[in-house]
Trainee: 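Let me begin by handing over the structure; questions about it come next.
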Amino acid sequence: MRPEDVLLPTPAGVCCQLGGFHIDPTRPVDKAVITHGHSDHARAGHGAVLATQETLDLMRLRYGEGFAGATQAAHYGETVTLGGITVTFRPAGHVLGSAQIAVEANGLRIVASGDYKNVADPTCAPFELVPCDVFITEATFGLPVFRHGDPDTEIAKLLRSIALFPERAHLVGAYSLGKAQRVIALIRKAGYDKPIYLHGAMEKITRYYESHGIDLGRIDLARGANKAELAGTITLCPPSTLKELWSRRFPDPVTCFASGWMRVRARARQHLVELPLVISDHADWDGLTTTIAATGASEIWVTHGQEDALVHWSRSSGRQARPLDIVGYGDEDEAEVTASGEAP
Ligand SMILES: [Zn+2]
Ligand SMILES: [Zn+2]
């Protein structure tokens, strides 16, 4: 059996014809198996969705009750059989509920990892290595220049800036699902125990994380505080709001942005970011290549991001590799920045 007989790459996502499902399809299908709740992977309008309970809940928070015709939840480690094909969920370490999907038939195992990182994150289960024949990987930061470094060092920079400018507010742009909660947890881990403020758009998801036993300390909504109270405080907000009118309610704000892209100075400048924080929920170059090697896979399929370099690296290290050219996956940080457009 060839890998393509088990999972067939199509422009709308990989499709398992024998099992009758797609993984992270970018258009509505009868049955979708979904790796995690980010909007480019988890879309509304499928007939049925199989995902972790957390991913289903996050989709419901985002799209409302009727986001799919039917839903089925799977735990980490649980195997579901679909048309003779087995599907097993394993933690991907990306955001709460994120899973790699191991698809098996006739002794051939293909792992679709969705988005992943092999770095500790206090807000989600750690990435679990799954040995496989074919590994499907993202390549968001698939260039050797991307080395994310230690997130605690970035948080220390933020706390130093707050100590230095007690009269200014610190606005931290962070993606609403996953990154914002991770940044808050990292700030708490560093010993900061004052209230942390939140943009209203992040409230539901953040409360959901808290309801899962993730301790984020005291969280207040920024809209409940006056300008003077916000001096010397930290507020998490969607990146798109950094340049919007909304930010003017804060006293002389220091603009921060938590993203793997902040490694690139031009990007930080382009977004008028005063304090870039290199914190990513995706594997960096070393993370991608180490993980690929550790899976033992002889064939690598690359879904989205900087495919070329990773395909080239995989081939030159003796593996077969191909880009999948799936249209519609993006990077969540960039999506939220560009979504704002030229907002007033
Ligand atoms: Zn993602
Ligand atoms: Zn993605």
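This one's a predicted model, so the numbers in the text were calculated from it and none came from an experiment. When reading the values below, keep in mind they use all heavy atoms of this one structure, side chains included, and skip hydrogens, waters and symmetry mates. Numbering of ligands and ligand atoms starts at 1, following listing order.
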Trainee: Are there more than 12 heavy atoms of other residues, nucleotides or ligands under 6.0 Å from atom CZ of R322?
Mentor: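 Counting other residues, nucleotides and ligands, CZ of R322 exceeds 12 neighbours.
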Trainee: When you measure from the Zn ion (ligand 1) to the N, O or S atoms of H41, does any of those distances fall below 2.8 Å?
Mentor: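 No N, O or S atom of H41 is closer than 2.8 Å to the Zn ion (ligand 1), so no.
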Trainee: Please determine if E65 and R60 form a salt bridge, counting it only when a charged side-chain N lies under 4.0 Å from a carboxylate O.
Mentor: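 A salt bridge is present here (some side-chain N lies under 4.0 Å from a carboxylate O).
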Trainee: Report the name of the N/O/S atom of H38 located nearest to the Zn ion (ligand 1).
Mentor: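 Checking each N, O and S atom of H38, the shortest distance to the Zn ion (ligand 1) belongs to ND1.
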Trainee: Would a 4.5 Å heavy-atom cut-off, applied to side chains only, mark D24 and V14 as touching?
Mentor: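 No. Closest side-chain heavy atoms not under 4.5 Å.
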Trainee: What N/O/S atom of D115 gets nearest to the Zn ion (ligand 2)?
Mentor: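 This turns out to be OD2.
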Trainee: Examine the side chains of T123 and Q181 and answer whether a donor and an acceptor come within less than 3.5 Å of each other.
Mentor: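 Absent: no donor and acceptor within the cut-off.
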Trainee: For N/O/S atoms only: which one belongs to H94 and is nearest the Zn ion (ligand 1)?
Mentor: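 The nearest such atom is NE2.
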